Amino acid sequence: DGIPGPLASARRHGPAPDAPYDVLLVGGGIIGLSVAWRAARRGLRVAVVDPAPAGGASHAAAGMLAPVSEVTYTEEPLLRLGLASLARWPAFAAELAADSGHDLDYRAEGTLDVAFGADDLAALDELAAFMGKLGLPFERLTGRECRRLEPMLAPAVRGGLLAPGDAWVDPRRVTRALLSALERLDVTMIHARAAGLEHSGEAVTGVRLAPGSPASGPASGSPGADPAGRVVPARRVILAAGAWSGVLEGLPPRALPPVRPVKGQIMRLRSPEPILRRCVRGVVHGSSVYLVPRGDGELVVGATQEELGFDTRVTAGGLWELLRDARELVPGVTELEVADVVAGLRPGTPDNLPLVGPASPPGLSMATGHHRGGVLLAPLTAALLVDEAGDDEGLAALCSPLRFQEQR
Ligand code: FAD
């Protein structure tokens, strides 16, 4: 049910400075900032606690909004979430651009999956049959047709699948825009680490900041420190700390979400002009690689998937793998300048579905566990939590955090 009705209809009315916030987000990645933005837009009094907003996985992400081309045989529930969120992206992007004055580089020009050998082609045909059964929009293309769409593709490409409805966006532009929009809406940014949750009886009533945290202030921030570790009161706390959500102190073990970090290394290359028109994906040497073009000539090459805990080192092996595979798809990538390499931590869950909605104990909600699709799923996550449009498709039940809590 997201934020309770009376809160959802409350308007800002100049409360006392120490009054509880209506909503407090722990974590200011693309998920926390999106929820904060939608909640503030509805007139709620909102705060975000994060020592380094927009710096987690959201800073690393490629920004593919590609539920169709990323469909896998065992993940139909995730596909439903992805399609519902993709449908929300055009309005989300347009409203955010208007609220912030930023261009998000949002583009809905499709994703092209390509294949090389006979085995790859057979796998592509199988996938096409599966997509057909699900009623997903796609076009099966020959190698020549692929190269007509994307002239820089390798001559060895023998066929492809175009998912014309898939889109992409620049996540770094999105989080910058969200921060600007939040500033305009007077959302309080608290540049501190949440060190635990405050309770009154069973119910969560706020967040305890790590000792030495700066005092709260508007988005611009205000200096000053409270060595005792201040408590920020809130009527609803939403845990949106990405890969770190499973290790927040102050939660009883059975309430901690089963979220684990899944490392991804990714690289940004630069050319004077874009060398691709749309996202291109392929399976090379058994691993999946994708290329995402930006309007300014940047080309994102991603991404590794590694289960190494909280390790965020960029390794020679990781970059070599990315370049080796990207060169198979588009030989010209080796001519491009390297602009940036980074490793991020995806918030993985046991069933690859996110945890979104009210949790136990009361007063706590979750917006975490978005794994490989947090950029895609940001609009839907915010809508489910802020209860903008109701949930007539049963999507809230698919990602209820209670599915894990009830099992324990
Ligand atoms: P994050 O962005 O990690 O933000 C979590 C925030 O919580 C951080 O800012 C952190 O500082 C803060 N935090 C942590 N602990 C605390 C604490 N105790 N107190 C306060 N704050 C805290 N998704 C897509 O949809 N499309 C893609 O193409 C795509 N590509 C990806 C490529 C890579 C290489 C990676 C790593 C991920 C990719 N993803 C993609 C996944 C996507 O990036 C994530 O699902 C999404 O960014 C998760 O957002 P988040 O806000 O939950 O987490």
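Just so we're clear, the structure is a prediction, and the values are computed from it rather than from any experiment. Just follow the structure's listing: the first ligand is 1, and inside any ligand the first atom is 1.
For the pair R327 (side chain) and G332 (backbone), a donor-acceptor distance under 3.5 Å is absent.
In this structure, a donor-acceptor pair under 3.5 Å is present between the side chains of T315 and Q265. Looking only at atom types and distance, the side chain of S100 has no donor-acceptor partner in the side chain of S180 under 3.5 Å away.
Residue Y290 places a heavy atom less than 4.0 Å from ligand 1. Contact between T368 and ligand 1 is absent, with no heavy atom of the residue lying under 4.0 Å from the ligand. The closest approach between a heavy atom of G302 and any atom of ligand 1 is not below 4.0 Å.
Among S58, A241, G374, C279, the residue whose heavy atom sits closest to atom 47 (O) of ligand 1 is S58. Ranked by closest heavy atom to atom 34 (C) of ligand 1, the top entry among G264, P347, G82, G369 is G264.
No part of H59 comes within 4.0 Å of ligand 1, judged by heavy-atom distances. Proximity of R372 to ligand 1, defined as any heavy-atom pair under 4.0 Å, is confined to the backbone N, CA, C and O atoms. Contact annotation: for A303 versus ligand 1, heavy atoms closer than 4.0 Å belong to the side chain alone. With a 4.0 Å heavy-atom cut-off, ligand 1 is reached by no atom of L65.
Contact record, P401 with G357: CG-O, 3.4 Å, taken as the closest heavy-atom pair.
None of K263, R260, R346 except one satisfies the salt bridge (Lys or Arg N to Asp or Glu O under 4.0 Å) rule with E307; the exception is R260.
Counting protein heavy atoms only, atom 26 (N) of ligand 1 is closest to M64 O, 2.9 Å. The single protein non-hydrogen atom nearest to atom 19 (N) of ligand 1 is A194 N, 2.8 Å, given as residue, atom name and distance.
Between W168 and Y290, the ring center distance fails the sub-6.0 Å criterion.
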